[in-house]
Structure formats: C-alpha cells, structure tokens
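Here the structure is laid out as structure tokens; the discussion comes afterwards.
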Amino acid sequence: MSRNKITLIVVLMSIASFGLMGFQYYWVKNAIRINQERFDQDVYQALASTVDQLEKGETSDVILSQLMRDPILQESLFEKIDPIDFEVRQRPKYRSGPSIVDTLNITQVPEVSNTFRRILESRGIDLSILGELETFFARMTPEVASTIFTPDEMAVLLEEKERQLQFLSQVESLQFNSSPSLIPESEFENEIKISDDALEKIRRANMKIDLINKSWEEIAAGQMAILDRLDTAQVRKLVKNYLLERGILEEFELGILKDDGLLMAVGDVSEPFRLVQYGVQAKLFPNDVFGKENYLYIFFPEKANHVIRQVWLPISSSLIFIGVIIWCFIYAIRVILRQKALSDTKNDFINNMTHEFKTPLATVSLAVEALQDPELSSQERFRDRYLGIIKDENKRLVSQVENVLQAAALDKKDFKLKIEKINLSDLLEDTLSHISLQIEKRNGRISFENDIQGKIIEGDRFHLTHIFNNLLDNANKYSRENPEIEIKAWEENDQVFVSIQDQGIGMSKEAQRKIFDKFYRVPTGNLHDVKGFGLGLSYVKTMLEAHKGNINVQSDSGKGSKFTIQLPKTQ
C-alpha cells in the first residue's frame, strides 16, 4: 500500500471519528440542558405551590370560612334587618373617683402582636398561656427566653414586655389617685331601654359588620410587614416537602427578598449575592390588592450533581463508546503503519536475500563453466580448485537457507531449550578465541574483564554460544578499521551480566527501537559491505527471553554501541 493511500485512509478515519465524537458531545450536552430545564421547572413549581399554600393559610376565604363556622350567620346574612325601636330616658349623672373599671376604660389592655404569636407557634408554645399576660411575662425571664428564642425574636419579646409594663404603670397611677366619693353633676345622662328582639337584631348586624371588617383586613394585609405574615420555619418545611414530591433531594439555600431590598436568609446561606443572582424566585402573596413586592428565592449549590445523576448512564455509555472508537482508531493506524513498515522490511529482505544468493550462484556458475572447458578440466589442480569453490559456495547457500528457516521456527516458537549446567567463563573464552582471529586480521584489539565468582549457570549451551557469536560478529562487522571491543562479565545476586562494547558506527535512537525486529538492518547507505539478513539480533532477543533473560542497547551515531545481556543463574 502506497504512502498516499495510507495518508488518505488515516485522514478519512480521523474525520469520521471526530465527527462521531462531535455528535456524541452534542447529544450529551443537549441531554444535560434538557435536564437542567426540567430541574428548574420542578423547582419553580415547588415554589409556586409553597406560595399558594401560604396564601391559602391566611384569611383569604374569610367570608366562606365564617359562614361555615356560624350557622346563624348563614341564616341572617341575606336577611333584611328591620329598624330597631328603643326608648331613651334621662337621669341625673354622678361623677365618682376613678375606679379600676375606669382605668380599663381609659387605658386599653394591650395584646401581643401577630408577629410574636407566630414566633410562639413556630416554637410549639400553647397560645392559651397569653390569657394572663402579667403571669406570662413574669415567668419568661431573660434566662428562660434566651434558651428558646433567637436574638431577633428576643427583641420582639422585649417590645411586648415593655408594652405590658407601661400598661401596668398607668393602671397603678390611676388607682393611687382614685377615691370612692360620688360627685353629682348638673348634667343628665341618657338611659336606653332596648327589647330582646332589638338586641338580637343588633347582634346580627354586628356579625355582618365584623365580617366586613375582616374582609377589609384581608385586603389591607398586603401592607403588613412580611415577617408578620410568615412563619419562616413553615416556609422552609413547605418548600422541602414540595421538592421531595418532585424527587429533588439536594440541599438548598432559601431567602426572602423584602420590599426594602434587604435579603432575609431562611436557614444557612453562604453567599447572599449568589442566591439572588442565580436562584429561582417566586413572588409572595401575588393576589394582594395593595401588596408589597416580596420574593422568595431558592438556590441549589449542588444542582450540577443532581443533573449529572439524571443522565449519568447515557453520559458514561457515550464516554465508553468514544473511548472504544478512539482506541480502535489508534490501533488501526498502528496496524496500518506496522504493516507498511513490515512490507518495507520484507522488500529490503528480499532485495538483500537476492544479493546474498546471487553472488554464490554466480560464482558456482562460473566454476561450472570453467570445469566444462576440456583444457582446464584435464588439469587436476584447476579442477580441484573449482570444485572447492563450488563446495564452499554451496555451504554458504545452505547456511543462508538455514538462517531463514530458523527465523520461521523462532517466529512459531517451534523450539525447545536443552537446559544444562554451563561454565559461563569457559563459554565466553571459547567464543573469544574464534572471533579474535578475525579481529587480529583487521589489526584490532579485544579485551575481556571477568568478575564472575560463581561461574556455573543453567542454560542451553548451543543457543548461548550463538548469542555471543552473533553479538561479537556484529561488533566486528559494524566497526571501522582497527576494531576495539571490550567484554565485561559480572554478577549481582542471582543474575549475571555480560556487556559487549565496540567503537563502531553506532546507531540512531530510531534504529535502537527496531534492531531487534526480524529482517531489520541498520541502514548503511547504498553500500552493501555488511552481509546478513537482519535475523541475528531478533534471534538473540528471542533466545534470551526463552532463558528468562533480557538485553538492552546503548548507542550514539558515530560513537559505537554497547549491548548488555542479563541472565538468571538458574532456570
């Protein structure tokens, strides 16, 4: 496959993958947005239900509730009230000193405010104890009150207590100045005589008047302070219940924005500005005729967690699918590139193999032609020489074929190790004796530093010998003139190490990653002065892994290479 086709496939796969990921991202984002809108709608409905419940809790349906409670009012509501007859007589008027009754007429007995009543109700206190205000305030000492009420509620309690004390002071002052004497006056007072029927008419008229007054109180309730109309504990409880009905369990922050622009927190509020800026709002008592602008605000700090929980399954599925797509895409590209590299390597191998086979075949062909010449074939010296050439080249061909077959066997793991006790020092010495002759011919030098104490290890003698032969042969082949090779052997715990270092041409970082691949050979330009199929290092790595060992390389271009072998002492 050409490079252009590979590039085209990669580009098309990238476009398709990114397009699919884009659609997944759009779908997930849309799902999150829909759930956020649904969440906001549920919250607003909960607030609306709370506001409606609070409004119904007031005296909204005063007329209907009064009618249901009073059967007499039901009968007399639409009845016509006849004129009331009464007789007026005059009698002398006497003035006496102020009595307790006079003081009660002069000074109106105070009652606790609606705000304080709601505070007591929120604390679960029976309102019947307010019947004796003096006793109530006497028992409600500051020590007792501080354990029941908040600082703001204590301020309301003090105002109520102050009003009660003022009333009692006025009563005591009037009683002190009073006398039981009767003082006649020159004026006359009217004495009214009313029949029982007229009293009944008056009572019914008063009931209608009271009903009208209560209706007007409802109309004018919008001008009351919001805290006089609401129990904050009840508001929070209602909101929480309506949220639970809609499956919303998250903690929330609640506050009331009053008509004066101040925010009153209902419970814990960490950031009031955030509550007003990002919270959901609902107007309190929207049906008031003369109402004030008061709003109920709610904010959910963990709103994102709730939304994510609603869509976690599709989001996690999308992430898994996107991950699978990306993995498959990367894997497919790697396979394509690996196949391309393998194809290039095989082409190089075929070209190299053709060159390796062509030379001995050409030599054999020339030798055969020479032997076919009657003049040369009759000379025993020439005939033996050419026969020897044919024999050597035939061995060379057989060796090359065996190398290829051996590579196939290694690829299939079709081999068995013959494990035995081996003297590693002796094995290395024998290997050095074979390679030293080739190095001496090139005026080179080889040194061996042996620091192995326990020289016996377990392994396959045949394959270990070939491993060291391959590495030393490469160190010789890839060295310039006068090669210098250093061999070191040492041991650490239950491992032995052997390093082979040369001063040859070295290799790049990219080549270091590929030298153990089958058929790969370090590029040497257009020269073909280094023979081989690129199977040696692949064989070395495979055999070392079979021995539970390892090999690593350190190299720089133009500065030589160092191969370090690690082998366990026992298999």
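Counting begins at 1 with the first residue of the sequence. Side chains are part of it too, since the values below use all heavy atoms of this structure and drop only hydrogens, waters and symmetry mates. If you're wondering where the values come from, they're calculated on a predicted model, not measured in any experiment.
When side chains are defined from C-beta on, Gln41 does not count as touching Glu37, because their heavy atoms never get closer than 4.5 Å. Side-chain contact between Tyr478 and Met507 is absent, with no heavy-atom pair separated by less than 4.5 Å. Using a 4.5 Å heavy-atom cutoff, the side chains of Thr570 and Asp494 are not in contact. For the pair Leu54 and Leu296, the minimum side-chain heavy-atom distance is 4.5 Å or more. Residues Gln45 and Arg246 meet the side-chain proximity criterion, which asks for heavy atoms closer than 4.5 Å. With contacts defined as side-chain heavy-atom distances shorter than 4.5 Å, the pair Thr564/Val498 does not qualify. Residues Asp42 and Leu243 are not in side-chain contact: their nearest non-hydrogen atoms beyond the backbone lie 4.5 Å or more apart. Between Arg38 and Ile34, the closest side-chain pair of non-hydrogen atoms falls below 4.5 Å.
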Stepwise side-chain contact (heavy atoms from CB on, under 4.5 Å) test for Lys240 and Phe252: CA-CA 9 Å; Lys240 187 173 184 179; Phe252 58 88; 4.2 Å; yes
Verdict with supporting geometry, Tyr539 and His463, side-chain contact (heavy atoms from CB on, under 4.5 Å): CA-CA 9 Å; Tyr539 165 80; His463 289 296; 2.8 Å; yes
Test log, rule side-chain contact (heavy atoms from CB on, under 4.5 Å), inputs Asp268 and Glu251: CA-CA 10 Å; Asp268 296 331; Glu251 293 295 328; over 6 Å; no
Stepwise side-chain contact (heavy atoms from CB on, under 4.5 Å) check, Leu244 with Leu249: CA-CA 6 Å; Leu244 290 175; Leu249 308 177; 3.3 Å; yes
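Within a 6.0 Å sphere centred on CD of Gln277, other residues, nucleotides and ligands contribute more than 12 heavy atoms. Residue Asn30 places its CG atom among more than 12 non-hydrogen atoms of other residues, nucleotides or ligands, all under 6.0 Å distant. Heavy-atom contacts from other residues, nucleotides or ligands closer than 6.0 Å to NZ of Lys258 number more than 12. Asp451 CG: more than 12 foreign heavy atoms inside a 6.0 Å radius.
Salt-bridge annotation for Glu458 and Lys569: absent, with no side-chain N of the basic residue lying under 4.0 Å from a carboxylate O of the acidic one.
Between the CD1 atom in Ile322 and the OH atom in Tyr25 there is a gap of 11.0 Å [rounded to 0.5 Å]. Between atom CG of residue Asn241 and atom NZ of residue Lys237 there is a gap of 6.5 Å, rounded to the nearest 0.5 Å. In this structure, CZ in Phe462 is found 11.0 Å from CD1 in Ile467, a value given to the nearest 0.5 Å. Of the inter-residue distances, the one linking Asn469 atom CG with Asn474 atom CG reads 11.0 Å to the nearest 0.5 angstrom. In this structure, Asn35 CG and Ile308 CD1 are separated by 9.0 Å, a value rounded to the nearest 0.5 Å. The line from CD1 of Ile515 to OG of Ser538 is 11.0 Å long, rounded to the nearest 0.5 Å.
Between the side chains of Gln234 and Asp231, no donor N or O sits under 3.5 Å from an acceptor N or O. Residues Glu484 and Gln503 have side chains that never bring a donor and an acceptor to within less than 3.5 angstrom of each other. Of the N and O atoms on the side chains of Gln24 and Ser318, at least one donor lies less than 3.5 Å from an acceptor on the other residue. Asp502 and Ser479 are not linked by any side-chain donor-acceptor pair at a separation below 3.5 angstrom, with hydrogens and angles left out of the test.
Residues Leu544 and Asn550 come closest through the heavy atom pair CD1-O, 3.9 Å. The minimum heavy-atom distance between Ala265 and Val269, with the atom names listed, is CB-CG2, 3.6 Å. Smallest separation of non-hydrogen atoms from Ser508 and Ser557: N-OG, 3.5 Å. Contact between Leu47 and Val280 at its shortest, heavy atoms only, is CD1-O, 3.5 Å. Nearest approach of Ile419 to Asp460, heavy atoms of both residues: CD1-N, 4.3 Å. Nearest heavy-atom pair across Ile446 and Ile487 is CD1-CD1, 4.0 Å.
A donor-acceptor contact shorter than 3.5 Å is absent between the side chain of Ser17 and the backbone of Ser14. Of the possible donor and acceptor atoms, none in the side chain of Arg274 sits under 3.5 Å from a partner among the backbone N and O of Phe299. Of the possible polar contacts, one joining the Asn423 side chain to the Asp426 backbone as a donor-acceptor pair under 3.5 Å is found. The backbone N or O of Pro301 lies less than 3.5 Å from no partner atom in the side chain of Glu253, so there is not a single donor-acceptor pair.
Taking the six-membered ring where tryptophan is involved, the planes of Phe516 and Phe563 are perpendicular, since the angle between them exceeds 60° and thus also 30°. In this structure, Phe39 and Phe300 have perpendicular ring planes: the angle between them is above 60°, well past the 30° mark.
Evaluated for a side-chain hydrogen bond (donor to acceptor under 3.5 Å, both in side chains) with Gln281, the options Tyr295, Tyr44, Tyr297 yield exactly one hit, Tyr297.
Residues meeting the ring pair (Phe, Tyr, Trp, His ring centres under 6.0 Å) test with Trp27, sequence neighbours left out: none. By the side-chain hydrogen bond (donor to acceptor under 3.5 Å, both in side chains) test, Arg236 is found to be paired with no residue, residues two or more places apart in sequence or in another chain being considered.
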